[in-house]
There are 2 protein chains.
Amino acid sequence: MISVEEQLKSMKQQMIAKGYKSTVQREATMRVLLEHERDHMSAEDVYMRVKERFPEIGLATVYRTLELLTELHLVEKMNFGDGVSRFDLRSKDREHMHHHMICSICGEVEEIQDDWLIELEQRVKREYGFNVSDHRLDFIGTFSSCKHGECRKHCETAS
Amino acid sequence: MISVEEQLKSMKQQMIAKGYKSTVQREATMRVLLEHERDHMSAEDVYMRVKERFPEIGLATVYRTLELLTELHLVEKMNFGDGVSRFDLRSKDREHMHHHMICSICGEVEEIQDDWLIELEQRVKREYGFNVSDHRLDFIGTFSSCKHGECRKHCETAS
DNA sequence: TTATTAAATTATAATCATTCTAATTAAACG
DNA sequence: CGTTTAATTAGAATGATTATAATTTAATAA
């Protein structure tokens, strides 16, 4: 477990190392991401959260920051088919090693904190000559009686 | 291997069985999908192809038809993160039993005609109590020296 | 510290995919 | 064939995202 401040520092360093500038807006955005590590926030969500503490920030800046962080592989851009991109931090200890379970009733997303695809990636390489650099694995379905954690409260109000 | 006409007939029947009408526009759209079974076309792509033979058709109709077919599980709506939804037929013999390899250089998509997730779906059920009804598995990467089939022509012109 | 320079931000407009609306047309079914 | 109801059309509206031009700021060196 690395502290928020340490992670922030490391992210800033990576940014500067690649020739980008470290700005207060970018720091504010990264801070929000650090505090919502696996919330799958949309750009608009991030924008609203950043705005609470930095009201002058513009939406376009948040979009550009998220784009930059994605480029630096510091955040992961996802797409659950609801028309908006979603963003999560990609911290050292869980680098694209997670999958998603998406509730088809309420849209709630939960993570599987594991990499179940190591074997399959080798198989892809072997059988198709395809070198995998990343993957995306989402399961769509429902939790048993929709009573699992976060999902519950949404599903109950949904139907 | 079922003929295009037979598949079309079956699709129309399913449509009517659910109380929807069979129209020439819908038929034209389905015909295009049947002839491009695994091309991952965007709504715009489908629209242009349908328009060649049915110039009066409107874009909204194509969108509505694709939406309807998705609802009937006759087509699969996909999302490769490039801002557009893509649609493929979901014929009997390959019902959501395929995965994707997406070239990170040119964006070309190839399919793996197999279901590699049967075991993992059981594991999800067992370990998380999540009942999987569908899944999405995409690998992002490159083909060895980018010389594999379709990918080649795009990659060469890309860089 | 201050000046310089290039990059970043802001506010706003533009764009692109997708959906909605109102009027018109066409399927289905008796 | 007429009725009913859904589907289509054309065009406007929406919502997410990106581009633009003017202004500000961070990094760097004098």
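Chain letters run A, B, ... following the sequence lines, proteins first and then strands; every chain starts at 1. Quick caveat: nothing in here was measured; it's all calculated off a predicted structure. Atom set for the values below is all heavy atoms of this structure, side chains included, hydrogens, waters and symmetry mates excluded.
The distance between atom CG of A/L68 and atom P of C/dA7, rounded to the nearest whole Å, is 13 Å. The nearest whole Å value for the distance from the CE atom in B/M15 to the C1' atom in D/dT8 is 14 Å. The CD atom of B/E27 sits 11 Å away from the P atom of C/dA28 (whole-angstrom rounding). Per the geometry, CD belonging to B/Q13 stands 18 Å off P belonging to C/dA27, to the nearest Å. Atom CZ in B/R26 sits about 15 Å away from atom P in C/dA26, given to the nearest Å. Look at CG on A/N79: it is 11 Å from P on C/dT18, rounded to the nearest Å. One can place CG of A/L66 at 12 Å from P of C/dT9, the figure rounded to the nearest angstrom. If you measure from atom NZ of B/K12 to atom C1' of C/dA27, you get 12 Å, rounded to the nearest angstrom.
Put simply, the residue from A/K12, A/K21, A/K9 that forms a salt bridge (charged side-chain N to carboxylate O under 4.0 Å, His left out) with A/E27 is A/K12.
Listed by chain and residue number, nothing satisfies the ring pair (Phe, Tyr, Trp, His ring centres under 6.0 Å) test with A/F87 (two or more places apart in sequence, or in another chain).
Remark: side-chain polar atoms of B/T70 are paired, donor with acceptor, to backbone N or O of B/L66 under 3.5 angstrom.
Ring-plane geometry between A/F143 and B/F130 is classed as perpendicular, the angle between the planes exceeding 60 degrees on a 0 to 90 degree scale with a lower cut at 30.
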(Q) Checking B/R136 against B/E76 for the salt bridge (charged side-chain N to carboxylate O under 4.0 Å, His left out) test, could you report, in this order, the C-alpha distance in whole Å, the side-chain angles of both residues, the deciding distance, and whether it holds? (A) CA-CA 11 Å; B/R136 165 169 61 225; B/E76 185 181 359; over 6 Å; no
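Under a hydrophobic-cluster definition in which Ile, Leu, Val, Met, Phe, Trp and Tyr are linked whenever side-chain heavy atoms come within less than 4.5 Å, directly or via other members, B/V46 and B/L8 are assigned to the same cluster. Hydrophobic clustering (ILVMFWY, side-chain heavy atoms < 4.5 Å, transitive): A/F54 and A/L59 are in one cluster.
Ring centroids of B/F139 and B/H100 are separated by 6.0 Å or more, keeping the two rings apart.
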Q) Could you write nucleotides 12-30 of chain D as a row of B, S and -, 5' to 3', where a protein heavy atom under 4.0 Å of any base atom gives B, of only sugar-phosphate atoms gives S, and otherwise -? A) ----SBBB------BS---
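Heavy atoms of other residues, nucleotides or ligands lying less than 6.0 angstrom from CD of A/E119 number 12 at most.
Annotation: the terminal axes of the helix from C/dT1-D/dA30 to C/dG30-D/dC1 meet at 40°, where each axis is the rotation carrying the C1' atoms of four end pairs onto the next four (5 pairs per end, rounded to 10°).
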